[in-house]
2 protein chains.
Amino acid sequence: MVHGHLKPVSSRLTVQTIGRLSLYRRLLLEVSASGARQIYSHQLATAAVATPAQVRRDLMAIGFSGSPRRGYAVDDLIAAINAVLARNVETSVALVGVGNLGRAILAYFANREPWVRFTAAFDRDPDKVNRILHGCRVYPIDRAEEIIRRDGIRAAAIAVPASEAQHTADRLVLAGVRSFLNFAPVRLHVPTGTFVDDVDMTTALDRVAFYAHQPQGS
Amino acid sequence: MVHGHLKPVSSRLTVQTIGRLSLYRRLLLEVSASGARQIYSHQLATAAVATPAQVRRDLMAIGFSGSPRRGYAVDDLIAAINAVLARNVETSVALVGVGNLGRAILAYFANREPWVRFTAAFDRDPDKVNRILHGCRVYPIDRAEEIIRRDGIRAAAIAVPASEAQHTADRLVLAGVRSFLNFAPVRLHVPTGTFVDDVDMTTALDRVAFYAHQPQGS
DNA sequence: AGCTATCTGTGACTGCGTTCACAATGTGAA
DNA sequence: TTCACATTGTGAACGCAGTCACAGATAGCT
């Protein structure tokens, strides 16, 4: 779930399209590694569990063209997506909350997405600070504003308890963060122009439990 | 992201509504604990970062009525949502993949959602099996079909590497699982009537990185 | 060189989730 | 008891993401 008000970035680059581009890139990297140099929209669509028209629309949105009867050039497409998604620069992300979940996040993303790096983590617990976890240094939460400003960090993952999430977000916004990956099972109130992507495992689990009880029929 | 084709469960119980009901319930439990007995749609909407009309439509979808000038009865509403979401029974969920992420999931949900329980976990690694993690026993992956069938488990969380996710899902579907919480950064091909809720942290992080670079203006 | 098959690019359309707006309701105050 | 008004319930309108369907393009085959 995504919330937070944003004007469209370009003509037709919606949040959904951005998400699918991320998926396409992952799939294309595998395709490229397997040696294929061209790919059709219907092949990419199958891999992404989408429709060919959807794929073509998404690529149209980033101004990437293929050629009839040959499809899209895989490596060029990867480069085009890289240019759009990450502006070809490494993005620094802060992590707040180094509990079970926070540590799993650091472990999960270590060496996974080269264009994104967790450069600083923060926690309230004095026992957790001043360590280095998966290449990310943990600082006391009180130094968050200072370090985020110093390093020009504009993105942050929130992995604190639900009761502290809003307060944490407020502080980060003031420090200059405009884009949140929110793992807390609450919705954050943020100013216009701030992006929030909720990764709400609680809601997801409730949904899964609900549909587990539905009658088999399609 | 949710995929997998499903006919509407009831008249207007969409996937989105189910998700919001889960959120409402969490908020209402806090409200109830704080002592309030009635709540207005606009109060619930503010807490959920939604609109009053949205809240009223969702409650209409589960046939719950309030009264003008007094709003909705908090405890009755919680009970109504419980009845819809979990059918008032405990749901058993299997976990496949007991790596960093899988263990974090078990820790995260231990004692969090009383109506959902991870009753069995599976892993390929012989070193990980036959332990009990956060109240959940870990079995070798080869016993998955047997145990899922034995316990009538219909929901599963997938926390295996991307390359094994599809294969894992296929086996689980054959064993009777109809509802997936997919943490692997791929889209699963599943038969009609099977539900998949993707918790794709990779895509989410890419989105957050993208919007971190967008100009401040709303 | 011409022809054909098949894929891309895109205007138009569709369906659906959300929001609007207002009639109906009934509560609490005087 | 009456009145006033804040809140609910919901038909209708809206907007947008996704799909359709076809014109345009081009590579390969004969």
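Just so it is clear, the model here is predicted, and its values are computed rather than measured. Residue numbers begin at 1 in each chain, while the letters A, B, ... track the order of the sequences.
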Rounding to a whole Å, what distance do you find between [X]:[atom1] and [N]:[atom2]?
{"X": "Asp58(A)", "N": "dT8(C)", "atom1": "CG", "atom2": "P", "value": "14 Å"}
{"X": "Gln38(B)", "N": "dA6(D)", "atom1": "CD", "atom2": "P", "value": "18 Å"}
{"X": "Arg56(A)", "N": "dA23(D)", "atom1": "CZ", "atom2": "C1'", "value": "13 Å"}
{"X": "Arg69(A)", "N": "dG9(C)", "atom1": "CZ", "atom2": "P", "value": "15 Å"}
{"X": "Gln16(B)", "N": "dA17(D)", "atom1": "CD", "atom2": "P", "value": "14 Å"}
{"X": "Leu59(B)", "N": "dT10(D)", "atom1": "CG", "atom2": "C1'", "value": "14 Å"}
{"X": "Leu44(A)", "N": "dC7(C)", "atom1": "CG", "atom2": "C1'", "value": "14 Å"}
{"X": "Gln43(A)", "N": "dT8(C)", "atom1": "CD", "atom2": "P", "value": "9 Å"}

message: With nearest nucleotide decided by heavy atoms, which residue, Ser67(B) or Thr14(A), maps closer to the 5′ end of DNA chain D?
response: Ser67(B)

statement: Of Thr51(A) and Arg70(A), the one whose closest nucleotide on DNA chain D sits nearer the 5' end is Thr51(A)

message: If you count every heavy atom of other residues, nucleotides or ligands that lies below 6.0 Å from Arg124(A) atom CZ, does the total exceed 12?
response: no

Residue-phosphate contact under 4.0 Å: [X] side-chain N/O, [N] OP1/OP2:
{"X": "Tyr40(A)", "N": "dG9(C)", "answer": "no"}
{"X": "Ser65(A)", "N": "dG9(C)", "answer": "yes"}
{"X": "Gln54(B)", "N": "dT19(C)", "answer": "yes"}

Quick one: which of [options] gets closest to the side chain of [X]?
{"X": "His42(A)", "options": "dT25(C), dC20(D), dC7(C)", "result": "dC7(C)"}
{"X": "Met60(A)", "options": "dT19(C), dA17(D), dG9(C)", "result": "dG9(C)"}
{"X": "Arg20(A)", "options": "dT18(C), dG18(D), dT6(C)", "result": "dG18(D)"}

message: By the 4.0 Å heavy-atom rule, please label Thr17(B) as base, sugar-phosphate, or nothing.
response: nothing

message: Taking the six-membered ring of Tyr211(A) as reference, does the cationic atom of Arg207(A) (NZ for Lys, CZ for Arg) lie under 6.0 Å from its centre and within 45° of its axis?
response: no

query: Does a donor on one side chain sit under 3.5 Å from an acceptor on the other, for Asp58(A) and Tyr24(A)?
result: yes

field: Any side-chain donor near an acceptor of the partner, Arg56(B) and Ser41(B), under 3.5 Å
entry: yes

task: Output all residues satisfying ring pair (Phe, Tyr, Trp, His ring centres under 6.0 Å) with Phe109(B), sequence neighbours left out; order by chain, then residue number.
output: Phe118(B)

- prompt: Does Arg57(A) get its side chain close enough to the base of dG11(C), under 3.5 Å, for a donor-acceptor pair?
  reply: yes

